[in-house]
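One-based numbering, in listed order, for ligands and for the atoms of each. If you read the sequence from its start, that first residue is 1, and numbering goes on from there.
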Amino acid sequence: MAGNWKMYKNVSETRAYFQNFLPQVKDAKDREIVICPPFPNLETAVRETNDSIVKIGAQNLYWGKEGAVTGEVSGPMLHNIGCTYVIIAHSERREYFCEADEDVLKKTRAALEYELTPIVCVGERLGERETGQTETILVDQFRGGLSGLEPAEFAKIVVAYEPVWAIGTGKTATPEIAEEAHSIIRRQARDRFGDHAANKLRILYGGSVKPENVKALMFKEEIDGVLVGGASLNPDSFAAIVNF
Ligand code: PEP
């Protein structure tokens, strides 16, 4: 159950969030909980969650280790402060920062090299769904961003299906739509990496997940978890999602 705070919250809001959130999820030991705050809050978030089951992830990374790359943050830097996850290729990064599938592959590899679990996002835009291109888009994103991984690398990643039309819009994909898309992704995983890898792959659904709709989504066998934006900003609503 992963939360993406996007560009929200400062350090003191981060502290207050965890003071409220942690007691609410302390018994959720059968869940893996990850929260991805903005870069300046990561160290605080790691410190606040140190003795808890909650893990902390970044929202992006650069593929190099260090160098003259102004404004970027590398895998070893994130690893060094205690991050264990990183979101890669969120649709906002693809859309506003022109991240291409070849960048996705480089970032995913870099994350793995520095012991960060990548949560790699894929998903179609509204126009692409309406013109029947969903499968083509998902297949292209999988082939361009993930097929180049070694099997041992692929075994360590998490994929998030996030239809762009459902992100921040209040329009959740129905459990059936999400399930169908997850099957397409899993089929790609099976074709490239085999049955075992495909069965083990965790695929999260993301797009307007809320306490009211999480149960129906999680009830689907193909859906292994959720990636939550807006509703993860409130500790009560994210706790309700985690404890669905
Ligand atoms: C997201 O940012 O990954 C997301 C799914 O956002 P929201 O839950 O607000 O749609």
Side-chain angles (χ1 to χ4, degrees), residues 1-9 13-14 17 21 25 31-39 41-42 45 54-61 83 85-97 99 103-104 107-108 111 116-126 128-129 134 137-138 141 145-146 157-175 177-182 185 202-218 220 222-244:
M1 316 302 278
N4 170 20
W5 284 3
K6 311 194 191 210
M7 198 172 69
Y8 290 101
K9 296 195 192 292
E13 288 164 339
T14 299
Y17 182 97
F21 180 69
V25 297
R31 311 277 149 104
E32 196 164 352
I33 307 167
V34 182
I35 293 189
C36 303
F39 288 130
N41 307 345
L42 287 173
V54 176
K55 294 169 183 161
I56 299 302
Q59 297 173 18
N60 184 28
L61 89 170
C83 279
Y85 278 77
V86 59
I87 298 173
I88 291 175
H90 189 279
S91 65
E92 288 150 16
R93 303 256 3 135
R94 288 183 189 262
E95 192 77 19
Y96 308 146
F97 301 97
E99 287 192 8
D103 303 328
V104 178
K107 289 183 177 207
T108 304
L116 302 163
T117 300
I119 302 175
V120 184
C121 304
V122 295
E124 79 287 0
R125 298 189 186 96
L126 181 60
E128 292 162 344
R129 172 157 287 272
T134 299
I137 296 295
L138 294 179
Q141 290 177 344
L146 296 175
I157 74 164
V158 175
V159 173
Y161 168 60
E162 295 215 309
V164 182
W165 49 270
I167 297 179
T169 59
K171 270 195 219 164
T172 323
T174 62
I177 288 179
E179 185 177 42
E180 193 187 341
H182 285 214
I185 296 164
R202 288 181 298 170
I203 308 178
L204 313 182
Y205 166 76
S208 298
V209 175
K210 298 186 178 52
E212 303 79 55
N213 58 28
V214 65
K215 207 175 217 152
L217 290 159
M218 288 301 296
K220 292 287 182 193
E222 274 291 346
I223 301 180
D224 303 309
V226 286
L227 176 54
V228 186
S232 74
L233 291 170
N234 178 309
D236 296 334
S237 69
F238 193 48
I241 288 171
V242 168
N243 296 319
F244 72 91

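Here Tyr161 pairs with His182 under the ring pair (Phe, Tyr, Trp, His ring centres under 6.0 Å) rule; sequence neighbours left out.
If you look at ligand 1, the protein residues with a non-hydrogen atom under 4.0 Å away are Asn4, Lys6, His90, Glu162, Ala166, Ile167, Gly168, Gly206, Gly207, Ser208, Leu227, Val228, Gly229, Gly230.
Side-chain contact between Phe21 and Ile35 is present, with heavy atoms from C-beta onward closer than 4.5 Å. The shortest distance between side-chain heavy atoms of Glu99 and Asn60 falls below 4.5 Å.
A side-chain donor from one of Trp165 and Glu124 sits under 3.5 Å from a side-chain acceptor of the other.
Proximity of a side-chain donor or acceptor of Thr172 to a complementary backbone N or O of Ser208 within less than 3.5 Å is detected. Side chain of Arg94 to main chain of Cys121: a donor-acceptor pair is present (N/O by atom type, distance under 3.5 Å, no hydrogens or angles).
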